[in-house]
Amino acid sequence: MTTILAIAGSLREKSFNAMLMRAAAELAPAGATVETATIKGIPLYDGDVEAAGIPPEVQALKDRIAAASGVLLVTPEYNNSLPGVFKNAIDWTSRPSADIPRVYGGKAIGVIGATPGPGGTGLSQAAWLPVLRTLGTLPFFGARVQVAGAGKVFDDAGRLVDAAVRGQLEKYMAGFAAFVARHAR
Ligand code: FNR
């Protein structure tokens with residue numbers, strides 16, 4: 001069984017990216033399990049806090065990332081780049097740096113995202129690439145999910161109701177799960 005940890009990079013209760021994360025979990029192919037994670041509760045990075053010990057919320061997220069065969073970042077876009085709150089969480093999971101190979105080294109990783117705007121989070125997804133390279137991950141480039149106009153793609157209950165996006169996401173998850181299974185460490 002291939003286990004993928006999906007992390008939504010928004011703190012908002014009605015986050016479109018959390019909706020997209022849940023839809024990705026539902027559309028995972030047979031043989032793959034998608035677990036979901038939140039960045040809620042992750043404190044702001046502070047070297048003095050780190051010196052006193054990795055906070056338990058950070059340790060828990062790190063352990064879940066380390067245990068998963070693949071990681072799916074579900075990212076909003078802020079000011080044509082990645083959101084600070086999401087990067088803060090991933091930065092914390094890269095500490096101490098001696099642990100990076102265990103947590104991230106060679107790990108299959110995908111990035112998808114949703115926005116109510118027209119751009120589909122393409123710039124945010126691209127902005128993650130230097131981070132993924134620095135962490136030594138293995139990014140998946142076999143498909144894209146860049147959800148634009150998210151207000152019409154999800155209904156009030158947070159369900160993915162757009163058939164075309166649903167098809168794209170299903171195809172992405174099939175390709176990503178196969179990639180994860182091929183490269184599982
Ligand atoms: C945004 N938003 C946004 N959207 C986009 O497509 N491109 C952008 O550059 C930005 N910039 C931006 C900056 C800041 C500071 C905020 C707060 C928002 C809008 C953003 O996509 C929208 O708030 C989403 O709803 C955020 O994702 P969640 O919370 O719905 O997952």
Side-chain angles (χ1 to χ4, degrees), residues 3-25 28 33-117 119-140 145-147 150 154 158 176 180 185:
T3 304
I4 295 167
L5 183 69
I7 311 171
S10 171
L11 299 169
R12 221 160 62 83
E13 187 66 34
K14 295 202 165 168
S15 159
F16 291 122
N17 287 281
M19 294 173 192
L20 182 61
M21 173 183 72
R22 288 192 290 269
T33 301
V34 177
E35 296 175 356
T36 58
T38 175
I39 59 168
K40 251 196 169 105
I42 303 285
L44 282 176
Y45 178 76
D46 179 335
D48 294 337
V49 172
E50 183 189 351
I54 299 285
E57 297 85 355
V58 173
Q59 192 58 50
L61 184 59
K62 263 182 78 173
D63 290 345
R64 293 187 75 192
I65 292 170
S69 305
V71 171
L72 182 63
L73 302 182
V74 189
T75 188
E77 177 171 303
Y78 285 179
N79 293 314
N80 287 181
S81 188
L82 52 84
V85 286
F86 200 4
K87 181 151 187 299
N88 173 70
I90 297 302
D91 286 344
W92 255 125
T93 63
S94 72
R95 303 300 297 170
S97 59
D99 240 6
I100 291 175
R102 180 182 72 84
V103 177
Y104 285 109
K107 180 147 293 183
I109 193 155
V111 185
I112 60 176
T115 169
T121 73
L123 292 167
S124 173
Q125 294 187 29
W128 275 104
L129 295 179
V131 179
L132 304 185
R133 179 177 57 209
T134 299
L135 298 179
T137 66
L138 193 63
F140 172 64
V145 173
Q146 298 179 347
V147 179
F154 299 95
F176 182 53
V180 172
R185 298 170 305 148

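Hydrogens, waters and symmetry mates are skipped; everything else that's a heavy atom, side chains included, is used. Heads up: numbering here begins at 1 and tracks the sequence.
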Are any of the side-chain heavy atoms of [X] and [Y] separated by less than 4.5 Å?
X	Y	value
Ser94	Leu135	yes
Thr3	Leu5	no
Leu73	Phe86	yes
Glu50	Pro96	yes
Thr75	Pro83	yes
Ile42	Pro55	no

With distance as the sole test, does [X] use its side chain to make a donor-acceptor pair with the main-chain N or O of [Y] at under 3.5 Å?
X	Y	answer
Lys62	Arg95	yes
Trp128	Leu82	no
Thr137	Leu132	yes
Lys107	Ala66	yes
Glu77	Leu123	yes

For the student: nearest non-hydrogen atoms of [X] and [Y], plus distance:
X	Y	result
Thr121	Thr115	N-CG2, 3.7 Å
Ala8	Met21	N-SD, 3.5 Å
Pro43	Trp92	O-NE1, 2.9 Å
Leu61	Ala37	CD1-CB, 4.1 Å
Ala18	Ser15	N-OG, 2.9 Å
Gly70	Val180	N-CG1, 3.7 Å

Working to the nearest 0.5 angstrom, can you tell me the gap between [X] [atom1] and [Y] [atom2]?
X	Y	atom1	atom2	value
Ser124	Asn79	OG	CG	11.0 Å
Leu11	Thr38	CG	OG1	6.5 Å
Ile39	Glu57	CD1	CD	13.0 Å
Ile4	Ile109	CD1	CD1	11.5 Å
Lys40	Ser10	NZ	OG	8.0 Å
Ile7	Glu35	CD1	CD	11.0 Å

### Message
Below 30° counts as parallel, above 60° as perpendicular, anything between as tilted: where do the rings of Phe176 and Phe140 land?
### Response
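Taking Phe140 first and then Phe176, their aromatic rings sit tilted (interplane angle of 30° to 60°).
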### Task
Dump the intermediate steps for side chain to side chain contact (heavy atoms under 4.5 Å, CB included) on Val34 and Leu72, then the final yes or no.
CA-CA 9 Å; Val34 177; Leu72 182 63; 5.6 Å; no
### Query
side chain to side chain contact (heavy atoms under 4.5 Å, CB included) between Tyr104 and Ile90: does it pass, once the steps are laid out?
CA-CA 11 Å; Tyr104 285 109; Ile90 297 302; 3.8 Å; yes
### Task
Count the heavy atoms of every other residue, nucleotide or ligand shown that sit under 6.0 Å from NZ of Lys87, and state whether that count exceeds 12.
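Count not over threshold, so no.
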